[in-house]
Amino acid sequence: MLEKVDRDNHEKESGKFFINDEEMKKYFTEEERNIIKEAIEDHRGSRKIEPRSIYGKVLSDSDRDFDIYLLAKRQLSTSIKNLPELKTGLEHFENCYSYIMKRINGEGHFNLWTNNQILVERRAKFEQDFLDKEFAQKVYLDEYARIEKDGTIEKIINYYEDY
């Protein structure tokens, strides 16, 4: 079983897990494992530096969630679990929004490294939705109200060990 890795270091720790995995040594040469390790280390969405290889670029781009509704669910769950001092949907929204806004690059976009047309289109729609803060706030507060009403917040706080 893997140990829990904190959010700030997950890409580096995941690379270490991979490179030291005895099972992976059966399938990949040392050179291939190093390429994969670098791709794992380079995949982080908030990373401002271009991944070192095309494999890192592909992995990084494939890890993008350009769906505001899915992102709201994931971020709110994480915020609720890890920041119990935040008590309202609006406080959680502000926390989530500020976190994602840090991921915008100098050109005003969320990073994409491969220029995959499908992802470029999804990113454009996501940016339109997310950068309209009133719209984004409504999406997040609607989701917060839903999970508050159906008891999911209590489950996140009391039952789920990892979010």
Side-chain angles (χ1 to χ4, degrees), residues 1-18 36 39-49 51 55-163:
M1 179 102 176
L2 295 177
E3 62 185 78
K4 184 174 178 175
V5 175
D6 70 79
R7 175 169 145 170
D8 293 333
N9 298 304
H10 86 273
E11 71 282 5
K12 295 289 184 201
E13 292 301 314
S14 296
K16 287 178 191 174
F17 289 143
F18 174 80
I36 295 168
I40 293 168
E41 291 172 345
D42 291 353
H43 88 277
R44 190 173 190 91
S46 57
R47 183 180 167 92
K48 302 291 185 194
I49 301 167
Y55 305 106
K57 292 174 185 179
V58 168
L59 183 58
S60 182
D61 283 1
S62 69
D63 197 33
R64 299 288 175 260
D65 279 331
F66 289 133
D67 179 328
I68 192 169
Y69 300 96
L70 178 60
L71 185 65
K73 290 176 184 188
R74 289 180 57 201
Q75 278 201 297
L76 285 170
S77 295
T78 301
S79 185
I80 290 163
K81 183 66 180 177
N82 296 320
L83 299 169
E85 67 274 15
L86 302 181
K87 300 296 183 194
T88 68
L90 186 58
E91 289 175 313
H92 285 289
F93 166 73
E94 290 295 342
N95 172 62
C96 296
Y97 195 82
S98 67
Y99 176 79
I100 293 297
M101 290 301 290
K102 294 175 189 171
R103 291 181 167 205
I104 295 177
N105 66 27
E107 298 167 1
H109 293 291
F110 295 94
N111 284 335
L112 278 177
W113 305 108
T114 63
N115 291 317
N116 174 288
Q117 192 56 40
I118 293 169
L119 291 175
V120 169
E121 291 170 10
R122 287 180 184 169
R123 177 183 68 182
K125 171 71 171 124
F126 177 78
E127 289 173 346
Q128 176 186 345
D129 291 345
F130 195 82
L131 297 176
D132 177 347
K133 190 172 181 181
E134 284 183 30
F135 179 79
Q137 182 176 319
K138 181 179 181 340
V139 169
Y140 278 67
L141 293 182
D142 286 352
E143 177 60 18
Y144 189 88
R146 183 191 71 76
I147 63 176
E148 186 174 48
K149 182 178 179 183
D150 73 8
T152 299
I153 288 178
E154 181 183 331
K155 291 176 185 173
I156 292 168
I157 293 168
N158 295 319
Y159 302 113
Y160 301 140
E161 288 187 28
D162 187 20
Y163 256 91

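Everything quoted here is computed from the prediction, not taken from an experiment.
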Exercise for the section: With sequence neighbours excluded, tell me which residues meet ring-ring contact (aromatic ring centres under 6.0 Å, His included) with Y140. Expected result: F93
Practice task
Kindly compute the distance separating OG (S79) from CD (E94), expressed to the nearest 0.5 Å.
Solution key: 11.0 Å
Problem - Shortest non-hydrogen contact from L141 toward G89 - result: CD2-C, 3.4 Å
Exercise for the section: Show your working on side chain to side chain contact (heavy atoms under 4.5 Å, CB included) between K138 and D142 and close with a plain yes or no. Expected result: CA-CA 6 Å; K138 181 179 181 340; D142 286 352; 2.6 Å; yes
Exercise for the section: Grab the two heavy atoms, one from N111 and one from R123, that are nearest each other, plus how far apart they are. Expected result: C-NH1, 4.3 Å
Handout entry: From CG (L71) to CD (E143), nearest 0.5 Å
Key = 11.0 Å
Exercise for the section: Calculate, to the nearest 0.5 Å, the distance between atoms CD and OG belonging to Q75 and S77 respectively. Expected result: 10.0 Å
Exercise for the section: List the steps and the verdict of side chain to side chain contact (heavy atoms under 4.5 Å, CB included) for Y144 and L90. Expected result: CA-CA 9 Å; Y144 189 88; L90 186 58; over 6 Å; no
Exercise for the section: Answer yes or no: is there an ion pair linking D61 with K57, defined by an N-O contact shorter than 4.0 Å? Expected result: no
Handout entry: Donor-acceptor contact present, side-chain S62 to main-chain V58, <3.5 Å
Key = yes
Practice task
Tell me, yes or no, whether the heavy-atom count around E107 atom CD, taken from other residues, nucleotides or ligands under 6.0 Å, exceeds 12.
Solution key: no
Completion exercise
Tightest non-hydrogen contact, residues G15 and E41, listed as CA-CG, 4.4 Å
Exercise for the section: Kindly check if the number of other-residue, nucleotide or ligand heavy atoms within 6.0 Å of NZ (K133) is above 12? Expected result: yes
Practice task
Measure the CD1-CG distance between I100 and N95 for me, rounded to the nearest 0.5 Å.
Solution key: 10.0 Å
Completion exercise
From the list I147, L76, I80, side chain to side chain contact (heavy atoms under 4.5 Å, CB included) with T152 holds only for I147
Practice task
Would you confirm whether E91, through its side chain, and T88, through its main-chain N or O, come within 3.5 Å as a donor-acceptor pair?
Solution key: yes
Handout entry: Interatomic distance, C96 atom SG to Q137 atom CD [nearest 0.5 angstrom]
Key = 12.0 Å
Exercise for the section: Step through the shown structure and confirm whether more than 12 heavy atoms of other residues, nucleotides or ligands are within 6.0 Å of CD on E134. Expected result: no
Completion exercise
Taking every heavy atom of L112 against every heavy atom of R64, the minimum-distance pair comes out as CD2-CG, 4.2 Å
Problem - Contacts of F130 that satisfy ring-ring contact (aromatic ring centres under 6.0 Å, His included) - sequence neighbours left out - result: Y97, F126
Handout entry: Name of the residue among I40, D42, I36 meeting side chain to side chain contact (heavy atoms under 4.5 Å, CB included) with L59
Key = I40
Fill in the blank from the handout: By side-chain hydrogen bond (donor to acceptor under 3.5 Å, both in side chains), N116 pairs with (sequence neighbours left out) none
Handout entry: Over 12 non-hydrogen atoms of neighbours within 6.0 angstrom of OH in Y55
Key = no
Exercise for the section: Spell out, as yes or no, whether a donor-acceptor pair under 3.5 Å connects the side chain of E127 to the backbone of F110. Expected result: yes
Handout entry: Between NZ on residue K81 and CD1 on residue I153, distance to nearest 0.5 Å
Key = 13.0 Å
Practice task
Inspect the contact between K125 and D129 and indicate whether a charged nitrogen and a carboxylate oxygen are less than 4.0 angstrom apart.
Solution key: yes
